[in-house]
*Asks:* 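What follows is a structure written as structure tokens; I'll ask about it next.
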2 protein chains.
Amino acid sequence: MARAATTTDAFNAVAEPRRRQILDLLVGGERAVNDLVDLLDLAQPLVSKHLRVLREVGLVDVRDSGRHRVYRLNAAPLKPIHDWVKSYERSWEERFRALDDVLEELKAEENDR
Amino acid sequence: MARAATTTDAFNAVAEPRRRQILDLLVGGERAVNDLVDLLDLAQPLVSKHLRVLREVGLVDVRDSGRHRVYRLNAAPLKPIHDWVKSYERSWEERFRALDDVLEELKAEENDR
DNA sequence: TTGACACATTCCCATATGGGTATATGTTTC
DNA sequence: GAAACATATACCCATATGGGAATGTGTCAA
């Protein structure tokens, strides 16, 4: 088998930085495709393709408005990601604290000399 | 260009469910490769390959212990993911509240009839 | 030293990617 | 109806994937 499709779930969809950028733009409110094209400085077909992936995993909804298609954020599918990483929060905080301790020790040694 | 390498960053590394499973096991403490092989019920070469990816993005550290290689979690690279999704938390909560409101309305209508 | 064990690496394959370019579809405006 | 605009889709390409099978490398035990 090859790598899982980008449309498999939010984890895969969001691994692509361009798609994260798109979502970041949509937090500010709805946007038509051309808006996004200008803001992202990316070829229109690429934007459309990324939007399709986001649509397939439910991260955006579309609405027709004349000859525009307006995309809107739906953050719900991000919650599983949040829940998963959140369980590691304590873990990295411990490590950062441990690092701080080491730095403190080094500083103390420095002052002792 | 093709899809970004899995070793590009934590986002890509963690998009693969097997690798999330491995991290989930390592939260409980250090593990040797064969331990993981048994727990995951996955071929040993595959486990080694996944561990390599995790190592390359810094999500695990290795230590030699006799003829075993002991892997240990380092959650720090997950923090950027956490920070990114966290900024959407309000967004999905709003949407869930809106959904609740709709359900309440439906229930109220139900009672009125 | 030889064999058993633990692990990593290599090779093969099918697959889908993201970008580019060209074109199809649908909607306004004239 | 024709032209202009907005968007989606189709096609081509290079690339790396995850799995499988086989093999390499290093360590311990007898």
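A, B, ... follow the sequence lines: proteins, then strands. Residue 1 opens every chain.
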*Asks:* More 5' along DNA chain D: A:A2 or A:V62, using each one's nearest nucleotide?
*Replies:*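 Upstream on the strand: A:V62.
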*Asks:* Need one value for B:A4: base, sugar-phosphate or nothing, where a base atom within 4.0 Å counts as base even if backbone is also close, heavy atoms only.
*Replies:*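 If one applies the 4.0 Å heavy-atom cut-off, B:A4 turns out to touch nothing in the nucleic acid.
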*Asks:* Starting from P on C:dC12, measure out to CG on B:L46 and report it in whole angstrom.
*Replies:*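 Going from CG in B:L46 over to P in C:dC12 covers 18 Å.
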*Asks:* Rounded to whole Å, please give me the gap between NZ in A:K49 and P in C:dG19.
*Replies:*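 So the two atoms are 8 Å apart, to the nearest Å.
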*Asks:* For B:Y71 and C:dA6, give me the distance from atom OH to atom P, rounded to whole Å.
*Replies:*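 B:Y71 atom OH is separated from C:dA6 atom P by 15 Å.
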*Asks:* Is a side-chain donor-acceptor pair under 3.5 Å present for A:N74 with B:W92?
*Replies:*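 No, no side-chain donor-acceptor contact under 3.5 Å.
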*Asks:* To the nearest 0.5 angstrom, please state how far the CG atom of B:L36 sits from the CG atom of B:L46.
*Replies:*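 It is 13.0 Å, given to the nearest 0.5 Å.
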*Asks:* With a cut-off of less than 4.0 Å, is there a side-chain N or O of A:R3 near OP1 or OP2 of C:dT17?
*Replies:*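 Indeed not, no polar side-chain atom of A:R3 lies that close.
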*Asks:* Can you tell me the distance, in whole Å, between the CG atom of A:L54 and the C1' atom of C:dT17?
*Replies:*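 Those two atoms, CG and C1', are 15 Å apart.
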*Asks:* The side chain of B:E16 lies closest to which of these nucleotides: C:dG20, D:dG18, D:dC28?
*Replies:*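 It is D:dG18.
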*Asks:* Within the modelled atom types, does a donor on one side and an acceptor on the other bring the side chain of B:Q44 and the base of C:dA6 under 3.5 Å apart?
*Replies:*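 Per atom types, no contact qualifies.
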*Asks:* Toward the 5' end of DNA chain C, which comes first, B:L51 or A:P45, by nearest nucleotide?
*Replies:*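 Between the two, 5'-proximity favours B:L51.
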*Asks:* Between B:V70 and A:G66, which is nearer to the 5' end of DNA chain C once each is assigned its nearest nucleotide?
*Replies:*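 On the 5' side of the pair lies B:V70.
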*Asks:* Specify the separation, in whole Å, of atom CD of B:E56 and atom C1' of C:dA8.
*Replies:*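 After rounding, the gap between these two atoms is 13 Å.
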*Asks:* Assess whether a salt bridge exists between B:E16 and A:R3, defined as any Lys/Arg side-chain N lying under 4.0 Å from an Asp/Glu carboxylate O.
*Replies:*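 Answer for the salt bridge query: no.
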*Asks:* Provide, to the nearest angstrom, the distance between the NE2 atom belonging to B:H68 and the C1' atom belonging to D:dG26.
*Replies:*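 The answer, rounded to whole Å, is 13 Å.
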*Asks:* Does the side chain of A:D24 pick up a donor-acceptor pair with the side chain of B:Y88 at under 3.5 Å?
*Replies:*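 Judged by distance alone, the side chains do pair up.
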*Asks:* Is the distance from OP1 or OP2 of C:dC5 to the nearest side-chain N or O of B:N34 less than 4.0 Å?
*Replies:*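 So the side-chain polar atoms of B:N34 never come under 4.0 Å of the phosphate oxygens OP1 or OP2 of C:dC5.
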*Asks:* Closer than 4.0 Å, any side-chain N/O of B:R67 to the OP1 or OP2 of C:dA4?
*Replies:*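 False: B:R67 side-chain N/O out of range (4.0 Å or more) of C:dA4 OP1/OP2.
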*Asks:* In whole angstroms, how far is the C1' atom of D:dT7 from the CD1 atom of A:I22?
*Replies:*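 It works out to 14 Å between those atoms.
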*Asks:* What is the distance, rounded to the nearest whole Å, between atom NE2 of B:H50 and atom P of D:dG18?
*Replies:*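 Interatomic distance, NE2 of B:H50 to P of D:dG18: 6 Å.
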*Asks:* How is A:T6 classified with respect to the nucleic acid when contacts are heavy atoms under 4.0 Å: base, sugar-phosphate, or nothing?
*Replies:*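 A:T6: backbone/sugar contact only, no base atoms under 4.0 Å.
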*Asks:* Whether A:R52 contacts D:dT9 is assessed here as follows: a side-chain N or O lying under 4.0 Å from the phosphate OP1 or OP2. Is that the case?
*Replies:*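 So the side-chain polar atoms of A:R52 do come within 4.0 Å of the phosphate oxygens OP1 or OP2 of D:dT9, strictly under.
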*Asks:* Inspect the surroundings of CZ in A:R95 and state if more than 12 heavy atoms from other residues, nucleotides or ligands are less than 6.0 Å away.
*Replies:*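 Yes.
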